[in-house]
Enquirer: 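Attaching a single structure in structure tokens format; questions to follow.
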Amino acid sequence: MMDIVLHSDDINLLSYWQKVLVEKKVQMEDDFSKLKDINNKLIILNYSSIREDETIVHKLIENKNKILMLHRVPSLATAKKFLKIGVQGYGNALMKEHFILAAIATIEENLVWLYPALTSELITEIPTSDKESTLLLDELTAREKEVALLLKDAYSYKQIAETLEITPRTVKAHAGHIYIKLDVKDRLGLALLLK
């Protein structure tokens, strides 16, 4: 488990993050100029506090830090910009506790984490190949095909359940069967396979 450093110019955000991370080893660094001296930590940065200064982000990465960038108004364009330069996670500054903890766990495993709503948006940008998708779907039952196509289009389980007039639990069961039959791990894998 990495030591975590919090930096924000918003005391309310810092307070919220501290509450979420009460069981983690956390320190706050409110002096922007001292950020450049931090090494080998997981740093949670409030996007607005860095004043769009990419140089500090580059310096933090150079110092072998892992960065979770949190933004009050997250956008896919900003996520792409910072993920390209080496930030390991990007999300909503006020996202629920389980998302923050999931982001930290993912980053500690040397993987990249992206806020789920942005992941769905990213999936919709992937160009489609209808011919290949149709062949893959032949392995599925008619209902599984319906669920798979809605999952591909970034529908939530609840939205799929409402659309197909079935329960979310049934949607989850269909999704599990789809993932097994198509040999994918999750909805992102499915979307990438079917796009």
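Side chains are part of it too, since the values below use all heavy atoms of this structure and drop only hydrogens, waters and symmetry mates.
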Enquirer: Are the side chains of V20 and K96 in contact, using a 4.5 Å heavy-atom criterion?
Expert: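 With C-beta onward as the side chain, the pair stays apart.
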Enquirer: Closer than 4.0 angstrom, basic N to acidic O: yes or no for K81 and E54?
Expert: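 Answer for the salt bridge query: yes.
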Enquirer: With T170, which residues qualify under side chain to side chain contact (heavy atoms under 4.5 Å, CB included), at least two apart?
Expert: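 Listed in chain order: I166, T167, H174.
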Enquirer: Could you measure the distance from the CE atom of M2 to the NZ atom of K24? Nearest 0.5 Å is fine.
Expert: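 Those atoms lie 11.5 Å apart.
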Enquirer: When the aromatic ring centroids of Y90 and Y115 are compared, is their separation below 6.0 Å?
Expert: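 No: the rings miss the under 6.0 Å criterion.
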Enquirer: Can you tell me how far apart NE2 (H71) and CG (L118) are? Round to the nearest 0.5 Å.
Expert: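 The NE2 atom of H71 sits 10.5 Å away from the CG atom of L118.
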Enquirer: Hey, are the side chains of I4 and I43 touching, using non-hydrogen atoms and a 4.5 Å cut-off?
Expert: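 A side-chain contact is absent here, since even the closest heavy-atom pair is not under 4.5 Å.
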Enquirer: Walk me through whether L182 and L190 qualify under side-chain contact (heavy atoms from CB on, under 4.5 Å).
Expert: CA-CA 8 Å; L182 298 181; L190 176 68; 3.6 Å; yes
Enquirer: For N39, is the CG atom crowded, meaning more than 12 foreign heavy atoms sit under 6.0 Å from it?
Expert: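 Correct, the count exceeds 12.
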Enquirer: With a 4.5 Å heavy-atom cut-off, do L94 and L13 have their side chains touching?
Expert: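 Yes, at least one pair of side-chain atoms sits under 4.5 Å.
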Enquirer: Taking T106 for the side chain and A102 for the main chain, is one N or O donor matched with an acceptor at less than 3.5 Å?
Expert: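 Answer holds: yes.
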Enquirer: Is there a side-chain contact (heavy atoms from CB on, under 4.5 Å) between V147 and Y155? Walk through the geometry before answering.
Expert: CA-CA 9 Å; V147 171; Y155 279 57; over 6 Å; no
Enquirer: Quick one: do I104 and I44 satisfy side-chain contact (heavy atoms from CB on, under 4.5 Å)? Show the steps, please.
Expert: CA-CA 9 Å; I104 290 168; I44 299 177; 4.0 Å; yes
Enquirer: Can you tell me how far CG of L45 sits from CG of L60, rounded to the nearest 0.5 angstrom?
Expert: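 Reported to 0.5 Å precision, the distance equals 6.0 Å.
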Enquirer: Where the side chain of Q88 meets the backbone of I67, is there a donor-acceptor pair that is under 3.5 Å apart?
Expert: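 It does hold such a pair.
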Enquirer: Do you know the tightest heavy-atom contact between D9 and S49?
Expert: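 In terms of heavy atoms, the two residues are closest at N-CB, 3.4 Å.
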Enquirer: Apply side chain to side chain donor-acceptor pair (under 3.5 Å) to D10 and S8, showing your working.
Expert: CA-CA 5 Å; D10 183 332; S8 177; 5.4 Å; no
Enquirer: Starting at CD1 of I100, measure out to NZ of K19 and round the result to the nearest 0.5 Å.
Expert: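 Atom-to-atom, I100:CD1 and K19:NZ are 12.5 Å apart.
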Enquirer: Where do A175 and L151 come nearest, in terms of heavy atoms and distance?
Expert: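 A175 and L151 have their closest heavy atoms at CB-CD1, 3.9 Å.
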Enquirer: Can you name the closest pair of heavy atoms from L70 and M95 and give their distance?
Expert: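 Scanning both residues completely, I find the closest heavy atoms to be CD2-CE, 3.4 Å.
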Enquirer: Measure the shortest side-chain to side-chain distance between L149 and K152 over non-hydrogen atoms and say whether it is less than 4.5 angstrom.
Expert: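 Contact flag for L149/K152 side chains = yes.
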Enquirer: Please give me the minimum heavy-atom distance between Y47 and F82, naming the atom from each residue.
Expert: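 Heavy-atom minimum between the residues: CE1-CE1, 3.4 Å.
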Enquirer: What residues form a side chain to side chain contact (heavy atoms under 4.5 Å, CB included) with Q18, not counting sequence neighbours?
Expert: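 Residues passing side chain to side chain contact (heavy atoms under 4.5 Å, CB included) with Q18: L6, M28.
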Enquirer: Looking at A93, is its backbone amide N or carbonyl O close enough to the side chain of N46 to form a donor-acceptor pair, meaning the two atoms are under 3.5 Å apart?
Expert: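 Side chain of N46 to backbone of A93: no pair is present.
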Enquirer: Would N110 and K66 count as a side chain to side chain donor-acceptor pair (under 3.5 Å) here? Give the steps.
Expert: CA-CA 9 Å; N110 292 316; K66 296 180 180 187; 2.2 Å; yes
Enquirer: Does E108 reach the main-chain N or O of A105 with its side chain, forming a donor-acceptor pair under 3.5 Å?
Expert: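 It does not hold such a pair.
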Enquirer: Minimum heavy-atom separation for L114 and A79, please, with both atom names.
Expert: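 Taking every non-hydrogen atom into account, CD1-CB, 3.8 Å.
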Enquirer: Hey, could you give me the CD/CG distance between E146 and L137, rounded to the nearest 0.5 Å?
Expert: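 Answer rounded to 0.5 Å: 11.5 Å.
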Enquirer: Residues two or more places apart in sequence or in another chain: which of them pass side chain to side chain contact (heavy atoms under 4.5 Å, CB included) with D30?
Expert: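 Applying side chain to side chain contact (heavy atoms under 4.5 Å, CB included) to D30 gives none.
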Enquirer: Nearest 0.5 angstrom please: D3 CG to K25 NZ, how far?
Expert: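 Output value for this atom pair is 4.0 Å.
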Enquirer: Looking at W17 and H7, what are the two nearest heavy atoms and their distance?
Expert: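 Scanning both residues, the minimum pair turns out to be CZ3-O, 3.8 Å.
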Enquirer: Any side-chain donor paired with an acceptor under 3.5 Å for N63 and K36?
Expert: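 No, because no side-chain N or O of N63 sits under 3.5 Å from a partner of the opposite role on K36.
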Enquirer: Would L122 and K80 satisfy side-chain contact (heavy atoms from CB on, under 4.5 Å), going step by step from the backbone distance to the final call?
Expert: CA-CA 10 Å; L122 182 62; K80 286 178 179 180; 4.0 Å; yes
Enquirer: For N65 and K41, indicate whether the former's side chain and the latter's backbone hold a donor-acceptor pair under 3.5 Å.
Expert: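 Yes; judged by distance alone, with no hydrogens or angles, the pair exists.
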Enquirer: Can you check whether L111's main-chain N or O pairs, donor with acceptor, with E109's side chain at less than 3.5 Å?
Expert: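 No; judged by distance alone, with no hydrogens or angles, the pair does not exist.
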